[in-house]
Amino acid sequence: MNKKNREILAILEETYPDARCELNHESPLQLLVATILSAQSTDKKVNEVTAKLFQEYATLEDFLTITPEILESHIKVIGLYKTKGQNLLKLFPLLKERHHGEVPRTMEELVALPGVGRKTANVVLSNAFDVPAIAVDTHVFRVSNRLGIVKETTVEKTEESLMKALDKKVWTKAHHLLIFHGRRLCMARAPKCGECPVNELCTYYAGEKKSLKKPKRS
DNA sequence: ATCCCGAGGG
DNA sequence: CCCTCTGGAT
């Protein structure tokens, strides 16, 4: 890990000492459900939904009894609710039948589950099972590319390059720091570069502020 | 009109 | 590579 990236992370750590997973959960399963629901939604909205949902449906045994109508009524306000609902209804019996009722702990098994891609898998691996991982969501993609920690055009390559650029022991922490920074200062629309504590280390601030293109799908 | 801790199908 | 799914906030 080079000096500049070390400095960036050190400053971000000072700025966001409470950086952590902000999806409320009390088990790996609840985190998996919350993360699936979080696609194209805000964690704030997801937490509102799961607060009520997990009150009645907390364990896998509980979720195995939920009806499509009840599930939909809970998650409707989140967006993308049909696919998310269908994926979850397929997911619960799969966990029971193929995974002994447990959330699997490997990338390969996780991404094989309906509605689970690399981003969701990495969130679960790092936050529920303490496996070093960098989940590249919209914030991590935008912030890491603006700062110049990586220069990539897809989330997959961004994850790959971030793992090379950063020491493994800081992967999960760096993921949270980049997300917090993306929420508080380095927002998509009007980033607060004037207030940014790492602007002197930032290629986006140094450059012409040429707008960062959205990630290409791959 | 744009963005939010994306994934799957064509 | 592309498109669609989706409501809510700004």
Side-chain angles (χ1 to χ4, degrees), chain A residues 12 16 18-25 28 30-53 68 71-91 94 107-129 131-147 149-150 152-160 162 171-192 211-218:
Chain A
L12 291 181
Y16 312 109
D18 55 339
R20 58 181 173 78
C21 177
E22 290 202 302
L23 292 171
N24 296 335
H25 63 280
Q30 289 187 4
L31 178 61
L32 177 59
V33 172
T35 310
I36 288 172
L37 292 178
S38 74
Q40 294 298 298
S41 184
T42 59
D43 67 320
K44 189 166 174 286
K45 213 65 196 164
V46 172
N47 284 334
E48 287 174 21
V49 165
T50 56
K52 294 181 191 172
L53 180 64
L71 179 58
E72 185 168 307
S73 72
H74 274 100
I75 70 176
K76 189 136 192 173
V77 292
I78 291 288
L80 307 182
Y81 65 94
K82 279 186 181 167
T83 38
K84 288 174 185 175
Q86 286 171 15
N87 284 333
L88 288 173
L89 288 172
K90 282 188 271 181
L91 173 66
L94 267 177
M107 171 62 72
E108 189 183 358
E109 292 173 298
L110 282 167
V111 297
L113 296 170
V116 181
R118 286 194 67 87
K119 181 259 168 179
T120 299
N122 277 325
V123 167
V124 171
L125 287 172
S126 57
N127 292 300
F129 300 131
V131 177
I134 304 178
V136 179
D137 56 41
T138 182
H139 295 300
V140 173
F141 174 80
R142 183 182 66 250
V143 176
S144 61
N145 277 285
R146 273 185 182 162
L147 281 169
I149 300 175
V150 298
E152 301 294 353
T153 56
T154 71
V155 292
E156 289 83 0
K157 286 184 179 175
T158 297
E159 182 189 335
E160 202 181 318
L162 279 175
W171 285 357
T172 300
K173 170 63 80 177
H175 157 76
H176 290 132
L177 290 172
L178 293 171
I179 286 179
F180 266 60
H181 192 49
R183 292 223 180 95
R184 310 291 157 81
L185 293 172
C186 194
M187 295 94 79
R189 234 173 292 195
K192 300 177 178 172
S211 61
L212 178 68
K213 293 191 172 69
K214 284 197 239 181
K216 290 179 188 168
R217 11 271 193 188
S218 56

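Throughout, a chain's letter reflects where its sequence line sits, starting with A, and its residues are numbered from 1. Just so we're clear, the structure is a prediction, and the values are computed from it rather than from any experiment.
Note on Val123(A): a base of the nucleic acid sits closer than 4.0 angstrom, heavy atoms only. Using a 4.0 Å heavy-atom cutoff across all strands shown, Ile134(A) reaches no nucleic acid atom at all. No contact: Lys84(A) has no heavy atom under 4.0 Å from any strand. If you check every strand for non-hydrogen atoms under 4.0 Å, Thr120(A) touches sugar and phosphate atoms only. Val140(A) comes within 4.0 angstrom of nothing in the nucleic acid, heavy atoms only.
Donor-acceptor pairing under 3.5 Å is recorded for the side chains of His176(A) and Asn127(A).
The distance from atom CZ of Arg183(A) to atom P of dC3(B) is 16 Å, rounded to the nearest whole Å. Put simply, CG on Leu88(A) is 12 Å from C1' on dA7(B), counting in whole angstrom units. When the C1' atom of dG6(B) is taken as reference, atom NE2 of His175(A) falls 14 Å away, rounded to whole Å. When the P atom of dC4(B) is taken as reference, atom CD of Glu48(A) falls 18 Å away, rounded to whole Å. As rounded to whole Å, 14 Å separates atom P of dG6(B) from atom CD of Glu159(A). Rounded to whole angstrom, the span from the NZ atom of Lys192(A) across to the P atom of dT10(C) amounts to 12 Å. Phe180(A) places its CZ atom 11 Å from the C1' atom of dC5(B), with the value rounded to the nearest Å. Rounded to an integer number of Å, the gap from Tyr81(A) OH to dG8(B) P is 19 Å.
Applying the side-chain contact (heavy atoms from CB on, under 4.5 Å) test to Leu185(A) and every residue at least two apart in sequence or in another chain returns Tyr16(A), His181(A), Lys192(A), Glu195(A), Pro197(A). Among residues two or more places apart in sequence or in another chain, the side-chain contact (heavy atoms from CB on, under 4.5 Å) test is passed with Pro68(A) by Leu89(A). For Lys52(A), the side-chain contact (heavy atoms from CB on, under 4.5 Å) partners at least two apart in sequence or on another chain are His74(A).
By the 4.0 Å N-to-carboxylate-O rule, Lys157(A) lies too far from Glu160(A) to be salt-bridged with it.
If you check residues 36-46 of chain A against DNA chain B, the residues with a heavy atom closer than 4.0 Å are Ser38(A), Ala39(A), Gln40(A), Ser41(A), Thr42(A), Asp43(A), listed by number.
Going from the P atom of dG10(B) to that of dT6(C) covers 15 Å, rounded to whole Å. For dC5(B) and dC3(C), the P atoms lie 24 Å apart once the distance is rounded to whole Å. Rounded to whole Å, the separation between the P atoms of dG8(C) and dA7(B) comes to 22 Å.
When the side-chain nitrogen and oxygen atoms of Arg189(A) are compared with OP1 and OP2 of dA9(C), none of them lie within a distance under 4.0 Å.
Annotation: Lys173(A), atom NZ; neighbour count of heavy atoms from other residues, nucleotides and ligands within 6.0 Å is above 12.
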Please report, to 0.1 Å, the donor-acceptor pairs under 3.5 Å made by any side chain of residues 131-139 of chain A, with sequence neighbours excluded.
from: Asp137(A); atom 1: OD1; to: His139(A); atom 2: N; distance (Å): 2.7
from: Asp137(A); atom 1: OD1; to: Val140(A); atom 2: N; distance (Å): 2.8
from: His139(A); atom 1: ND1; to: Arg142(A); atom 2: NH2; distance (Å): 3.0

Quick one: side chains of residues 32-40 of chain A, donor-acceptor pairs under 3.5 Å with protein atoms, not counting sequence neighbours, listed by atom name and distance.
from: Thr35(A); atom 1: OG1; to: Leu31(A); atom 2: O; distance (Å): 2.6
from: Ser38(A); atom 1: OG; to: Thr35(A); atom 2: O; distance (Å): 2.7
from: Ser38(A); atom 1: OG; to: Lys119(A); atom 2: NZ; distance (Å): 3.3

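Mapping Gly117(A) and Ala188(A) onto DNA chain B by nearest heavy atom places Ala188(A) at the nucleotide closer to the 5' end.
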